[in-house]
Q: 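If you scroll down you'll find the structure; I have some questions about it.
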Amino acid sequence: MLFDRFDLQPDDPLLALIGEVRADPRRHRLDLSVGVYRDEKGQTPVMRAVKAAEAQLVAGHASKAYLGPAGDADFCARIANLVLGACTSRHTAGMQSVGGTGALRLAARLLAVNPRPHGAGPATIWLATPTWGNHVPVFEGAGLRIRTFAHTDAKGGALDFSAWLEIVERAEPGDAILLQGCGHNPTGIDFTSAQWATLATRIADKGLFPLVDLAYQGFGLGLEEDATGVRALVERVPETLIAVSCNKTFGLYRDRVGALLMTGTQAAPLAKAMANAKGLARGEYSMPPDHGAAVVRTILESAELTALWTRELDAMRARLVQTRAAIAAHPLAADLGLSELADQKGMFCLLGAGLRVVQRLKDESAIYVAPDGRVNLAGLPLSRVDDFVAKLSSAYRAPQPEMAQ
Ligand SMILES: Cc1ncc(COP(=O)(O)O)c(C=O)c1O
């Protein structure tokens, strides 16, 4: 029996929490686990700009004929503009992908299938950890060899920029390196503009290949500000791949919207890379789904809808900034290692807590954080910040369980 020869696989520990939270009858339960934006009431509403764009699409959609493996070209051009700005000195190309994950996977496949010098072994990607839990499965499954190094110092509260520079020095020319564009998942610890510029120059000098994961543009400092890092990289490094997710920024999670952007100094090699990416997409899933990308395109084509969407995104960011400030200002923040939260960016922070604390938060307080201690700050209403900090403090103070005799 073919099916029976499979080993049973555990559920993804983070996604399994979705079901656990739903089944938890405690009314005060707090879901700070899965990375979706929530408003003060704990809801993830459809954005008003999205609703308006959907209404326009329903009324005016003329055809649902196939678009091809690269998907909606106008959507891609709008996303390239959002990420790279109106004028980049580079040639650019883009294709629609199945979310940011699909873009990362396509990028990784491109790196893996790119012919390497004889005897060079599998293509390598350098990954700063901790990182988003799906990076390793996506890259490994695509056939890349993964090497890791530390994103933060030992306490986890600050960037270890010297580790980044050391790895750029140690890596082999031609190796890929993953950089999160902004709102680092899970730490919230981003590069400064000066660090981006230094890193970009060193990466270019060393001949490394940067793959940027940009899933939270607009959640850090603002739409333009959050793109300064990736733009610095694009201007300094000859070729880049950029995996963009629109699922957080447009609240389109289940519609699976994303794009894979490519930049290069010359048009002809870029065209070859695009042709290969389209071939890979054709073999994997043929073509991406249309609806979500059409929604994003409709918003970005309209000045009015773009303004509405930007205001909604700005409000989401403002709420996150407020939550961060409230936690960092709490009298227990320093003891709990939370004082730096106000300087960090985006939806996430990482508690220095072990599994025991995470488990206690769940069992005793119905507070769900990701198994690695990552907190989705968007899930925390301002009215519950004090409660959260107090519960966290008592979870830390709880006595160790007695060792079995
Ligand atoms: C850092 C990072 N990259 C990429 C993604 C992919 O998002 P999606 O595939 O939903 O667009 C996520 C989602 O959580 C993420 O946190």
Side-chain angles (χ1 to χ4, degrees), residues 12-18 31-38 44 47 50 71 75-76 79 82-83 94-109 125 127-139 141-142 151-152 177-191 210-220 226-227 229-230 241-261 281 284-285 288-289 291-293 295-296 313 316 320 344-350 369-379:
D12 179 296
L14 183 61
L15 297 185
L17 283 178
I18 298 177
D31 182 6
L32 310 180
S33 60
V34 177
V36 293
Y37 179 82
R38 293 182 205 284
T44 308
M47 292 171 91
V50 167
F75 158 80
C76 294
I79 293 299
L82 201 63
V83 173
M95 62 187 284
Q96 206 189 307
S97 60
V98 184
T101 309
L104 287 167
R105 178 64 162 220
L106 271 180
R109 289 290 298 140
I125 190 159
L127 204 51
T129 57
T131 192
W132 179 46
N134 212 15
H135 279 143
V136 168
V138 166
F139 294 155
H151 181 62
T152 54
I177 186 163
L178 182 92
L179 302 108
Q180 293 196 30
C182 62
H184 187 271
N185 183 359
T187 65
I189 300 175
D190 286 349
F191 304 119
L211 165 55
V212 181
D213 180 356
L214 187 63
Y216 299 96
Q217 186 182 356
F219 279 90
D226 290 351
V230 61
L241 284 169
I242 306 162
V244 184
S245 169
C246 300
N247 295 317
K248 322 282 176 167
T249 46
F250 289 82
L252 283 164
Y253 308 90
R254 65 178 72 159
D255 282 325
R256 315 300 305 130
V257 194
L260 177 62
L261 303 179
E284 296 276 353
Y285 51 81
H291 177 75
V295 168
V296 170
L313 185 59
M316 294 188 323
L320 289 169
Q344 297 167 1
K345 311 278 183 313
M347 236 155 68
F348 305 112
C349 72
L350 192 63
V369 305
D372 60 357
R374 187 193 75 177
V375 175
N376 172 14
L377 293 163

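Both ligands and their constituent atoms are indexed starting at 1 by order of listing. Side-chain atoms are counted along with the backbone in the values below, which use heavy atoms only and exclude waters and symmetry mates.
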Q: Please examine the side chains of Gln180 and His151, heavy atoms only from C-beta on, and report whether any two atoms are closer than 4.5 Å.
A: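 Side-chain contact under 4.5 Å: no.
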Q: Within ligand 1, which atoms have a heavy atom of Tyr216 less than 4.0 Å away?
A: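 Taking each heavy atom of Tyr216 in turn, ligand 1 has 1 (C), 13 (C), 14 (O), 15 (C), 16 (O) under 4.0 Å.
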Q: I need the atoms of ligand 1 closer than 4.0 Å to a non-hydrogen atom of Ser245, numbered in the order shown.
A: 7 (O), 8 (P), 11 (O)
Q: Is there a side-chain contact between Leu377 and Met347, using heavy atoms and a 4.5 Å cut-off?
A: no
Q: May I ask you to decide whether Lys345 forms a salt bridge with Asp226, counting only side-chain N to carboxylate O separations under 4.0 Å?
A: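 Salt bridge: no.
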Q: Please confirm whether the backbone N or O of Gly99 pairs with a side-chain atom of Asn247, one donor and one acceptor, at under 3.5 Å?
A: no
Q: Check ligand 1 against Lys248 and write out every atom of the ligand that is under 4.0 Å from a heavy-atom position of the residue.
A: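 Atoms satisfying the 4.0 Å criterion: 13 (C), 14 (O).
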Q: State whether the shortest distance between N or O atoms of Gly100 and N or O atoms of ligand 1 falls below 3.5 angstrom.
A: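 Right, the criterion is met.
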Q: In Å, rounded to the nearest 0.5 Å, how long is the span from CG of Leu82 to SG of Cys246?
A: 8.0 Å
Q: Please work out which of Val34, Leu252, Leu178, Asp213 has its closest non-hydrogen atom nearest to atom 2 (C) of ligand 1.
A: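 Residue with the shortest heavy-atom distance to the ligand atom: Asp213.
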Q: What residue and atom, counting heavy atoms only, is the protein's closest point to atom 5 (C) of ligand 1, and at what distance?
A: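 Ranked first by proximity to atom 5 (C) of ligand 1 is Trp132 CH2, 3.5 Å.
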Q: Purely on distance, is any nitrogen or oxygen of Asn185 under 3.5 Å from one on ligand 1?
A: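 Such a contact does occur with ligand 1.
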Q: Less than 4.0 Å is my threshold; does some heavy atom of Tyr253 fall inside it relative to ligand 1?
A: no
Q: Using a 4.0 Å heavy-atom cut-off, which part of Thr101 comes near ligand 1: side chain, backbone, both, or neither?
A: both
Q: Could you list the atoms of ligand 1 found under 4.0 angstrom from a heavy atom of Gln180?
A: 1 (C)
Q: Classify the ring geometry of Phe139 against His135: parallel below 30°, tilted from 30° to 60°, perpendicular beyond 60°.
A: parallel
Q: In the structure I gave you, are the side-chain heavy atoms of Phe75 and Val257 within less than 4.5 Å of one another anywhere?
A: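 Side chain of Phe75 against side chain of Val257, heavy atoms only: contact under 4.5 Å found.
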Q: When the ring planes of Tyr37 and Phe219 are compared, do they come out parallel, tilted or perpendicular, using 30° and 60° as the limits?
A: tilted
Q: Check contact between Arg256 and ligand 1, using heavy atoms of the residue and a distance below 4.0 angstrom.
A: yes
Q: Below 4.0 angstrom from a heavy atom of Ala215, which ligand 1 atoms are there? Numbered from 1 as shown, please.
A: 2 (C), 3 (N), 4 (C)
